[in-house]
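Step one of this worksheet: look at the structure below.
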Amino acid sequence: MFGYVRPSNDRLTEEERQTFQAAYCGLCHTLGKRYGAAGRMILNYDLTFLAMLLSEGGVHPIRKRRCACGDAAMDVAADMSVILTWWQIQDGIADHGFFKGLKYRAAALLLRRAYRKAQRRQPDFDKETQRHLTALAALEKEKCPSLDRPADTFAALLAGAAQHIADPVKRRVTEQLLYHLGRWVYLVDAADDLADDLRTGSYNPLTLRFPLEKGALTAEGRQQFAATLDGSVRAMAAAFELADFGVYTPVIRATVYEGLYLVGAAVLNGTFHRRRRERQAIRKADTNDA
């Protein structure tokens, strides 16, 4: 995943921040337990959000600090996290030449054993993920001018992560929430990569849909694109209000109602620095012995 999905700290109480940290550390702990160091390497905010949606919402003490461990749904989230990351790496390998793709090939070598375990544990999710990414690659290869078709393909991929939720109502709600989240993530990532894609000539649906000026969206283009992003967030919010996500409800609310808007605005303004923030968060989790 990409590291865009995080709550707004200003909307969280101190206890709610600890709950979010517990989910982050819980996923880190579960990834480490099931997949070793390679599993912990992939930890990020997006995958933590997925884990909270899939989780039963429990948090309990471990090593004198709260950690969301021992939840069977957290195991499933860890498995899916490995599968999603593996196929994201494969996409990176396919999109880059030999030298620029070396970092992706190195990451694939580190994650290969973990992926094979996750594939055995979640074969259906792996198959569907590969199917959707193959369809997405075909759209990108043909330089599909539609904004919706590639975004919806990635959205359907992410919605499949809700398949293990037992309650049919919550499963349907979570599918819708993840679908619109997937659409939002795809579009935000396209905006974040716009300058690089223009420089390299890589496919980016924004270049075929919105007016550009000096390698960036025009003011009118930004306004139109922001409205598209906001539509996805509003659809997420409508789904979110239909289910109870337990102890994680305030954190998910702070993500949907403010965090996504802040990240989207930062990406459009060119002030979002995903990789540095993720590295800082992961170092903090490691320091805290998640």
Side-chain angles (χ1 to χ4, degrees), residues 1-5 23-24 26-56 68-69 71-96 101 103-140 150-166 171 174-175 177-186 189 274 278 282 290:
M1 297 284 277
F2 303 91
Y4 298 116
V5 186
Y24 191 91
L27 182 58
C28 180
H29 179 86
T30 304
L31 283 166
K33 181 179 179 181
R34 291 173 78 81
Y35 297 107
R40 295 184 69 185
M41 175 185 70
I42 72 173
L43 179 68
N44 68 23
Y45 290 129
D46 293 1
L47 298 176
T48 302
F49 187 77
L50 173 64
M52 288 190 294
L53 291 179
L54 300 182
S55 175
E56 296 172 1
C69 307
D71 183 343
M74 190 67 75
D75 291 342
V76 172
D79 299 340
M80 291 181 173
S81 295
V82 170
I83 290 169
L84 288 169
T85 304
W86 171 262
W87 287 112
Q88 182 185 352
I89 291 170
Q90 297 308 304
D91 185 59
I93 293 173
D95 286 348
H96 296 80
K103 65 179 180 180
Y104 295 101
R105 290 181 172 84
L109 285 174
L110 291 172
L111 197 62
R112 179 173 296 158
R113 185 177 178 184
Y115 164 69
R116 287 173 177 169
K117 287 183 180 179
Q119 182 187 38
R120 290 194 296 269
R121 289 167 170 164
Q122 306 295 339
D124 292 340
F125 181 72
D126 176 70
K127 185 181 299 183
E128 285 300 294
T129 298
Q130 186 175 6
R131 182 174 70 83
H132 286 302
L133 287 180
T134 298
L136 183 58
L139 290 172
E140 293 176 348
D152 290 349
T153 301
F154 187 80
L157 181 163
L158 198 57
Q163 63 184 273
H164 285 279
I165 297 177
R171 182 172 60 248
T174 306
E175 283 176 351
L177 203 161
L178 284 171
Y179 176 88
H180 292 290
L181 175 65
R183 190 175 189 279
W184 182 91
V185 165
Y186 182 86
D189 188 58
R274 175 181 65 207
E278 284 294 343
I282 291 169

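No hydrogens, no waters, no symmetry mates; every other heavy atom, side chains included, goes into these values. Here the structure is a predicted model, which is why all the values come from computation and not from measurement.
Here the CE atom belonging to Met80 is positioned 8.0 Å from the OG1 atom belonging to Thr129, to the nearest 0.5 angstrom. Taken from CG in Leu181 to CG in Leu158, the straight-line distance is 5.5 Å, to the nearest 0.5 Å. The line from CD1 of Ile42 to CG of Leu84 is 8.5 Å long, rounded to the nearest 0.5 Å. From Asp126, atom CG reaches atom CZ of Arg120 across 11.5 Å, with rounding to the nearest 0.5 Å. From Leu27, atom CG reaches atom CG of Leu43 across 5.5 Å, with rounding to the nearest 0.5 Å. With values rounded to the nearest 0.5 angstrom, Gln90 atom CD is found 11.5 Å from Thr85 atom OG1.
Nearest heavy atom pair, residue Ile165 against residue Arg171, reads O-NH1, 2.7 Å. Closest heavy-atom contact between Tyr186 and Ala151: CD2-CA, 3.6 Å.
The shortest distance between side-chain heavy atoms of Ile89 and Leu111 falls below 4.5 Å. Here the side chains of Asp152 and Tyr179 are in contact, with some heavy-atom distance below 4.5 Å.
Below 30°, between 30° and 60°, or above 60°: for Trp87 and Tyr115 the angle between ring planes is above 60°, a perpendicular geometry.
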Would Glu140 and Leu136 count as a side-chain contact (heavy atoms from CB on, under 4.5 Å) if you check the C-alpha gap in whole Å, the side-chain angles of each, and the deciding distance to 0.1 Å? CA-CA 6 Å; Glu140 293 176 348; Leu136 183 58; 3.8 Å; yes

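Pairs engaging residues 106-117 under the salt bridge (Lys or Arg N to Asp or Glu O under 4.0 Å) rule: none recorded [sequence neighbours left out].
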